[in-house]
Amino acid sequence: MARKIGSRYTAHQILGRGSAGTVWLGEGPDGPVAIKLLREDLASDEELVGRFVQERTALLGLEHPNVVSVRDLVVDGNDLALVMDLVRGTDLRTRLDRERRLAPEAAVAIVADVADGLAAAHAAGVVHRDVKPENVLLDMQGPLGPGGSHRALLTDFGVAKLIDTPRRTRATKIIGTPDYLAPEIVEGLPPRASVDIYALATVLYELLAGFTPFGGGHPGAVLRRHVTETVVPLPGIPEELWQLLVQCLAKAPASRLRASELGARLRELLPLLAGMPPLDVDEPDAESADGAEEEAPARPAPAVERVRRRGAVPLVPGAKPADSNRDTHTSMRVPGPDELAGGARGTARAPRATGAPRPGSARNRAAARRRRAALGAAALALLAAIGVGTWLATSDDDAGATPQDTRTSAPASP
């Protein structure tokens, strides 16, 4: 059902829903547009509305081929909306759900596009703060790039900053999606451009592996891993690409590359990746919040459930994994130092070759139990065999005895 957004726009059809609001296909004076209508509780927040108006100039001035441009910001009664360019295509999360992982050349080309868009934003003083596959759109109408990739555009600029008001979050809350949060955000430091680099490197890891480096299990465990654990190499990718990933996933923000440097370095690697197939690695087992691993299910989960467990940890009550913009801008408590220090250190979610259980995993422990049981059964069988052999030997001796011997061994008759 069509609805008016301000005096210039009409929303016709819902394209997707997220925790921050709903994206509509709309119409404006210059043709089709995408309209992100923020939630009513956000629209009724006077402080947020004031910040919304203050950010208008910065958001409207952000123009780049790899950025979904904001055309207008609408404040009208209970409506608070961003009017954006309409991209004919899909989002990166939808493609990941369909393909699980991408060939390295296509993955690097997409991330290089996003890095170029971030470079323009950072030069304008804008930090995205919520880089993830849901916020990367793929232009299906443009020409194909390296590895058959579509041009990638980053969307939702400014939404995280708008929602992250001091009154809403204070010093004990963080805004973002757990799988992609830089360690400094988890530790309560203010977000700067380097947080976008960390999140984008996490996206690249996910495109290559099919899962994020620190995701899985309870959100608290995910946040702790960002601070305490190190990422391990993905088997099968060139060392140059891996070192680039390691640098951009560094715990220290100053160690990471700038967006412009990342984009240039990734494009230099494209010839090296031409023709490489997608990686063949298994997703690590999920872990619970206290660091103990969950037991493996008795039966394999359906394919759709395996897809839903990958990617961002769903934190929004009622959010549907099929939504193209789920898990956006969720407020969480900042873990205390004791919580961040808890759990095993090192890398607990090491990728491994397909079918091989990870050391210490539930599958590995179950296999060890089966081996112990098998060894125990073999030992019992051996003991039984020895006993039977002894009995047979004794029986053979008895069978060879003379009748006199037999009578001698019998009890005397009364």
Side-chain angles (χ1 to χ4, degrees), residues 19 93 96 129-134 169 172-189 191 195 198-199 201-206 209-234 245-246 249-252 281-297 301 305-317 319 321 326-352 357-366:
S19 61
R93 171 63 63 201
L96 263 181
R129 297 178 54 177
D130 199 26
V131 177
K132 59 184 180 182
E134 287 83 350
T169 61
T172 59
K173 297 286 185 178
I174 51 180
I175 294 292
T177 306
D179 283 37
Y180 309 92
L181 283 176
E184 61 266 32
I185 296 182
V186 180
E187 293 178 316
L189 298 177
V195 306
Y198 184 93
T202 302
V203 171
L204 177 54
Y205 188 105
E206 183 178 13
F211 50 87
T212 55
F214 302 115
H218 189 277
V222 177
L223 298 181
R224 185 180 68 243
R225 291 187 201 114
H226 283 295
V227 177
T228 64
E229 294 185 2
T230 56
V231 64
V232 297
L234 285 173
L245 266 174
V246 169
L249 287 172
K251 305 301 182 187
V281 292
D282 273 353
E283 180 176 4
D285 298 322
E287 293 182 339
S288 59
D290 60 1
E293 300 188 13
E294 301 169 355
E295 289 295 329
E305 290 301 323
R306 290 198 297 270
V307 169
R308 289 182 182 182
R309 286 212 306 263
R310 292 195 299 273
V313 178
L315 297 179
V316 184
R326 69 186 188 275
D327 306 325
T328 306
H329 317 308
T330 299
S331 180
M332 297 166 288
R333 181 177 60 84
V334 176
D338 55 332
E339 295 173 287
L340 292 177
R345 293 182 178 269
T347 302
R349 286 173 48 82
R352 59 196 185 279
R358 176 164 52 85
S361 68
R363 288 173 57 197
N364 190 280
R365 293 197 304 271

- Task: Under the side-chain contact (heavy atoms from CB on, under 4.5 Å) rule, what do Tyr180 and Val203 come out as? Steps first, then yes or no, please.
- Result: CA-CA 8 Å; Tyr180 309 92; Val203 171; 4.0 Å; yes
- Can you see which heavy atom on Ala201 is nearest to which on Leu245, and at what distance? O-CD2, 3.3 Å
- If you take all heavy atoms of Pro191 and Ile185, which pair is closest and at what distance? CB-CD1, 4.2 Å
- Is any side-chain heavy atom of Val195 less than 4.5 Å from a side-chain heavy atom of Glu184? yes
- Message: Just verifying a value: how many Å separate Leu223 CG and His218 NE2, rounded to the nearest 0.5 Å?
- Response: 9.5 Å
- Message: Parallel, tilted or perpendicular: which one describes the rings of His226 and Phe214, with boundaries at 30° and 60°?
- Response: perpendicular
- Kindly give the heavy-atom pair with the smallest separation between Ala250 and Tyr198, and that separation in Å. O-CD1, 4.0 Å
- Task: Report yes or no: does Arg225 contribute a side-chain atom to a donor-acceptor pair with the main-chain N or O of Gly215 at less than 3.5 Å?
- Result: yes
- Message: Please give me the minimum heavy-atom distance between Val281 and Ala209, naming the atom from each residue.
- Response: CG2-O, 3.9 Å
- Message: For a quick test of reading the model, state the closest non-hydrogen atom pair linking Val227 to Pro183 and the distance between them.
- Response: CG2-O, 4.1 Å
- Query: Out of curiosity, Thr228 OG1 to Lys251 NZ, how far, rounded to the nearest 0.5 Å?
  - Reply: 7.0 Å
- Message: Among Thr202, Thr212, Asp130, which residue satisfies the side-chain hydrogen bond (donor to acceptor under 3.5 Å, both in side chains) criterion with Thr177?
- Response: Asp130
